[in-house]
2 protein chains.
Amino acid sequence: MMVSTKGRYALTVMVDLARNSGDGYVSLADIAERENLSMKYLESIISMLIKGGILQSLRGKNGGYRLARDPADYSINEILLLTEGTRAPVNCIMQDGVQCEKAATCSTLPLWAGLDRVIDAYLSRITLEDIITGNRKKMLGEYCSSCESEAAE
Amino acid sequence: MMVSTKGRYALTVMVDLARNSGDGYVSLADIAERENLSMKYLESIISMLIKGGILQSLRGKNGGYRLARDPADYSINEILLLTEGTRAPVNCIMQDGVQCEKAATCSTLPLWAGLDRVIDAYLSRITLEDIITGNRKKMLGEYCSSCESEAAE
DNA sequence: CTTATTCCTACCGCGATGGTAGGATTTACA
DNA sequence: TGTAAATCCTACCATCGCGGTAGGAATAAG
């Protein structure tokens, strides 16, 4: 029931790029130093984000990375999917619709499906921009009775 | 972001016991055969549930296991916590309130905290009885607009 | 042509997962 | 009293993913 460091670091990179964009491409060394993370490990994580098309890169001198889109156009779900591979909480929930052969009679499947939907709904609703602007009401306020809902969806 | 087989099997055992109770204690062999799972592996999982106090056991001939309480009094969260150890999606969210030293300035922490709250709210709301009665509306209907809410919380 | 950078492949220790094996202990019942 | 049926306990083990390291090839700026 854990998001690995891969997913957390990926999000950290995205946040770092969102904050430090504007002056072209940002080098891996800069990101690693700012975030105090292993450069080599970050490199492998970033390559997943590149292959997923959510980051752009430029090789050679003065090269580096930058966001492909506006921060508001990234859902957290999208970022985590690239590094975690799947978001489903159990492997009997398949992303492509294929289910295990016991699905028809499995009494616990609706629970896992429901859990998956709850997680999906939350991570799809929060954007990269919500994080960099510190929108705590949107991130934490879902079950806070003292918060009036601002996202009426 | 996965619930391991330990957690899934634990829930399977609880459901099996809830369904086959009434005639005293149920043996491990019976559970394993019905659910088609490894007896020895189930044994180690059940021992966690015993130590957690949510199952009762009887040794010797005609012994076995049974629920300690009514199915409606078990939340799924409680069952999974015993086998998974933690429910927090990232290790920077501590169950006992202790946080990492960067917590004050970490911009992604509210996201993980919010995700934890969403998962906690869902798993705490669903009970063992909801599963054995197949309460699909409660398990799946949270984001289904055609379902009138029955659990007003 | 040198320097700074990404890209690619390979490797590696560690711990958790998903089991298996065997015996000690306890209880019912004949 | 003895035996069968059951839980309990300890140890072991193969495999896999995580978290990370290393070294070099390709590319681009100046």
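Reminder, nothing fancy here: chain letters follow the sequence lines and each chain counts from 1. We use all heavy atoms of the structure for the numbers below, so side chains are in, but hydrogens, waters and symmetry mates are not.
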List, with names and distances, any nitrogen or oxygen atoms from the protein found under 3.5 Å away from nitrogen or oxygen atoms belonging to nucleotides 24-27 of chain C.
unit_1, atom_1, unit_2, atom_2, d
C/dT25, O2, B/Arg59, NH2, 2.9
C/dT26, O2, B/Gly60, N, 3.4
C/dT27, O2, B/Lys61, N, 3.0

Might you list the N or O atoms of the protein lying below 3.5 Å from N or O atoms in nucleotides 8-13 of chain C, with each pair's distance?
unit_1, atom_1, unit_2, atom_2, d
C/dC8, N4, A/Glu43, OE2, 2.8

Can you check nucleotides 14-17 of chain C for protein contacts, nitrogen or oxygen pairs under 3.5 Å, and list what you find?
unit_1, atom_1, unit_2, atom_2, d
C/dT17, OP2, B/Lys6, NZ, 3.1

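Remark: A/Arg19 pairs with no residue by the side chain to side chain donor-acceptor pair (under 3.5 Å) rule, at least two apart or across chains. For the side chain to side chain donor-acceptor pair (under 3.5 Å) test, no residue two or more places apart in sequence or in another chain qualifies with A/Asp73. Legend: residues meeting side-chain contact (heavy atoms from CB on, under 4.5 Å) with A/Asn62, ordered by chain and number and at least two apart, are absent. Taking the side chain to side chain donor-acceptor pair (under 3.5 Å) definition, one finds that B/Arg136 meets it with nothing, sequence neighbours left out. Residues meeting the ring pair (Phe, Tyr, Trp, His ring centres under 6.0 Å) test with A/Tyr9, sequence neighbours left out: A/Tyr41. Judged as a side-chain contact (heavy atoms from CB on, under 4.5 Å), and not counting sequence neighbours, the contacts of A/Thr83 are A/Lys6, A/Ala10, A/Ile45, A/Met48, A/Leu49.
Among residues at least two apart or in separate chains, salt bridge (Lys or Arg N to Asp or Glu O under 4.0 Å) pairs with a member in residues 52-72 of chain A are A/Arg69-A/Glu78. For residues 48-68 of chain A, the set of pairs meeting the ring-ring contact (aromatic ring centres under 6.0 Å, His included) definition, not counting sequence neighbours, is empty.
Straight-line distance from the CE atom of A/Met2 to the C1' atom of D/dG17: 13 Å, rounded to whole Å.
Taking only side-chain nitrogens and oxygens, B/Tyr9 comes nearer than 4.0 Å to OP1 or OP2 of C/dG19. Remark: A/Tyr65 is in phosphate contact with C/dC7, judged by side-chain N or O atoms under 4.0 Å from OP1 or OP2. For D/dC8, one of the phosphate oxygens OP1 or OP2 lies less than 4.0 angstrom from a side-chain nitrogen or oxygen of B/Ser57. The side chain of B/Ser27 contributes no N or O atom lying less than 4.0 Å from OP1 or OP2 of D/dA5.
Note on B/Leu28: only backbone sugar-phosphate atoms sit closer than 4.0 angstrom, heavy atoms only; bases stay farther off.
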Let me check something: any side-chain donor-acceptor pairs from residues 127-134 of chain B under 3.5 Å, sequence neighbours excluded? List them with distances.
unit_1, atom_1, unit_2, atom_2, d
B/Thr127, OG1, B/Glu129, N, 3.3
B/Thr127, OG1, B/Asp130, N, 3.2
B/Thr127, OG1, B/Asp130, OD2, 3.2
B/Asp130, OD2, B/Thr127, N, 2.9
B/Asp130, OD2, B/Lys138, NZ, 2.8
B/Thr133, OG1, B/Glu129, O, 2.9
B/Thr133, OG1, B/Asp130, O, 3.4

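Comparing A/Asn62 and B/Met39 by the nucleotide of DNA chain C that holds the closest heavy atom to each, the one mapping nearer the 5' end is A/Asn62.
Closest heavy-atom contact between A/Met139 and B/Leu111: SD-N, 3.7 Å.
The closest donor-acceptor contact from the side chain of A/Tyr74 to the backbone of A/Ile54 lies under 3.5 Å.
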